[in-house]
**Student:** 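Just dropping this structure here.
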Amino acid sequence: DLVGMGVPRADAEQAMHYVEIAAVNAESEARSEDQFLFQFKSVGSEALAERYGISGHAIRARRRNILKKRTQALRLG
């Protein structure tokens, strides 16, 4: 499509390479967040805190940040 719009093939390939990497990174991050939220729901913040070697407060902050990010994405979506 980019080449059809007049973008040189080399530039289009470079742009699509960047898009592919960004998509893989986004999918990996979403999967990691999903797993974290699943574990949070399954075992709770204190068990996760012990598992990760951080405070329960840090675990709850991570959950809050994930949920906030997803809520913002839904609003913009």
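Bear in mind that the values here come from a model prediction, so they are computed numbers and not experimental data.
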**Student:** Quick one: side chain to side chain contact (heavy atoms under 4.5 Å, CB included) partners of Ala49, sequence neighbours excluded?
**Tutor:** Ile59
**Student:** Does anything in residues 36-49 pair up under side chain to side chain donor-acceptor pair (under 3.5 Å), and if so which pairs, sequence neighbours excluded?
**Tutor:** Gln39-Tyr52, Ser45-Arg60, Glu46-Arg60
**Student:** Give every donor-acceptor pair under 3.5 Å between a side-chain atom in residues 5-19 and any protein atom, sequence neighbours left out.
**Tutor:**
none

**Student:** Let me check something: any side-chain donor-acceptor pairs from residues 31-38 under 3.5 Å, sequence neighbours excluded? List them with distances.
**Tutor:**
| residue | atom | partner | partner atom | Å |
| --- | --- | --- | --- | --- |
| Arg31 | NE | Glu27 | OE2 | 3.0 |
| Arg31 | NH2 | Glu27 | OE1 | 3.4 |
| Arg31 | NH2 | Glu27 | OE2 | 2.4 |
| Glu33 | OE1 | Lys69 | NZ | 3.4 |
| Glu33 | OE1 | Arg70 | NH2 | 3.4 |
| Glu33 | OE2 | Lys69 | NZ | 2.5 |
| Asp34 | OD1 | Arg70 | NH1 | 2.9 |
| Asp34 | OD1 | Arg70 | NH2 | 2.7 |

**Student:** Do Arg62 and Ile54 touch side chain to side chain, with heavy atoms closer than 4.5 Å?
**Tutor:** no
**Student:** Would you compute the distance between atom CG of Leu76 and atom OG1 of Thr71 and round it to the nearest 0.5 angstrom?
**Tutor:** 11.0 Å
**Student:** Within a reach of under 6.0 Å around CG of Asn25, are more than 12 heavy atoms found that belong to other residues, nucleotides or ligands?
**Tutor:** yes
